[in-house]
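What you see is a predicted model; the values in this text were computed from it and never measured. Starting from 1, each residue takes its place in the sequence as its number.
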Amino acid sequence: MAAFFDVDNTIIRGASSFHLAVGLYRRGFFRKRDLVVFAWQQARYLAFGENRQQIDEVRSRALEIMRGHSVAEVTAIAEDVYDEVLSLRIFPGTRELLDAHLAAGHAVWLVTATPMEIGTLIARRLGTTGALGTLAEHDEGFYTGRLVGDLLHGEAKAAAVRALAQREGYDLARCHAYGDSTNDVAILSTVGHPCAINPDRRLRRHAAEVGWPVREFRSRRRHARQGVNAASLAGLAWVAAVVARSVRRRLRGD
């Protein structure tokens, strides 16, 4: 048996990539203007929803800038930011659910649009079985500027879970899944025991219609404000934040 957890707003409050970007900004890895641009992109997403063309444009530009950046450097930065920021933003209620699955002997997987390096880091720190995430291609330790496949998002998450279940022999009818966004409906529908955690408005409505349980771990004030639901752009945000240092180097001619 296995349990599958989304990351952003399910395990960690807000978008993990945004928290990483803030941590990088505080270390001087990019300018305030870069952070403002990211915040504007996130606000536009929250106000108007997804636009596939916009996602593809941002992704392509970010990956192009990322080319040649060291995987080792990115991983080291992520480790520090997890300790200083992300570890403090884990929902205790979700952590209890996750630990209960582990104590019961279940396999626990994180399934996220965030790049694999970040998903794997969070999974290792939480003691879970592993993670499924967006794959950024790298060659001999440096990013090539391309993705392997596409963002792990929406139906792609469900497809990845089905492939993993077939490989590991999980009976999906007995498995659990947890997510916060309407974009997680696909993965929640794949298992026999779905649960909406800190759901956005559309997922809350869908859960009520189909009879899925809902768990709310946000404070009353945060729940009223609906939190920061940017999971579908998490991978893009992470790429943009991480490569900002290389952009600055290019501008300086280093």
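Residues Glu117 and Thr75 have side chains that never bring a donor and an acceptor to within less than 3.5 angstrom of each other.
Checked against side-chain contact (heavy atoms from CB on, under 4.5 Å), Ser189 has the following partners two or more places apart in sequence or in another chain: Val185, Trp212. Remark: Glu209 engages Arg205, His206 in a side-chain contact (heavy atoms from CB on, under 4.5 Å) (not counting sequence neighbours). His138 is linked by a ring-ring contact (aromatic ring centres under 6.0 Å, His included) to nothing, counting only residues two or more places apart in sequence or in another chain. Considering only residues two or more places apart in sequence or on other chains, Ala156 meets the side-chain contact (heavy atoms from CB on, under 4.5 Å) condition with Leu152. Residues passing the side-chain contact (heavy atoms from CB on, under 4.5 Å) test with Ala158 are Glu155, Arg162, Ala186, Thr190, sequence neighbours excluded. With sequence neighbours excluded, the residues that form a side-chain hydrogen bond (donor to acceptor under 3.5 Å, both in side chains) with His106 are His101.
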Please table the atom pairs, donor to acceptor, closer than 3.5 Å between any side-chain atom in residues 122-131 and protein atoms at least two apart or in another chain.
| residue | atom | partner | partner atom | Å |
| --- | --- | --- | --- | --- |
| Arg124 | NH2 | Glu79 | OE2 | 2.4 |
| Arg125 | NE | Glu79 | OE1 | 3.4 |
| Arg125 | NH1 | Asp83 | OD1 | 2.4 |
| Arg125 | NH2 | Glu79 | OE1 | 2.5 |
| Arg125 | NH2 | Asp83 | OD1 | 3.4 |
| Thr128 | OG1 | Ala123 | O | 3.3 |
| Thr129 | OG1 | Val108 | N | 2.9 |
| Thr129 | OG1 | Val108 | O | 3.4 |

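For residues 166-175, there are no salt bridge (charged side-chain N to carboxylate O under 4.0 Å, His left out) pairs, not counting sequence neighbours. The salt bridge (charged side-chain N to carboxylate O under 4.0 Å, His left out) analysis of residues 98-113, with sequence neighbours excluded, yields the pairs Arg95-Asp99.
Side chains of Glu216 and Asn198 form a contact here, defined as non-hydrogen atoms less than 4.5 Å apart. Residues Arg215 and Leu97 meet the side-chain proximity criterion, which asks for heavy atoms closer than 4.5 Å. Using a 4.5 Å cut-off on side-chain heavy atoms (C-beta onward), Asp184 and Phe4 make no contact. Taking 4.5 Å as the limit, every side-chain heavy atom of Thr94 sits out of range of all side-chain heavy atoms of Tyr178.
Following chains of ILVMFWY side-chain contacts shorter than 4.5 Å, one cannot reach Phe5 starting from Leu172, and the two form parts of different hydrophobic clusters. At a threshold of 4.5 Å between side-chain heavy atoms, the hydrophobic network of Ile, Leu, Val, Met, Phe, Trp and Tyr places Ile90 and Ile197 in one connected group.
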Worksheet entry | Worked verdict on Asp6 versus Lys157 for side chain to side chain contact (heavy atoms under 4.5 Å, CB included) | CA-CA 9 Å; Asp6 173 54; Lys157 280 188 178 182; 2.8 Å; yes
Worksheet item: Given Arg13 and Phe217, is the side chain to side chain contact (heavy atoms under 4.5 Å, CB included) satisfied, shown in steps?
Response: CA-CA 10 Å; Arg13 182 179 294 110; Phe217 297 133; over 6 Å; no
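In this structure, the side chain of Asp200 engages the main chain of Leu203 through a donor-acceptor pair within 3.5 Å.
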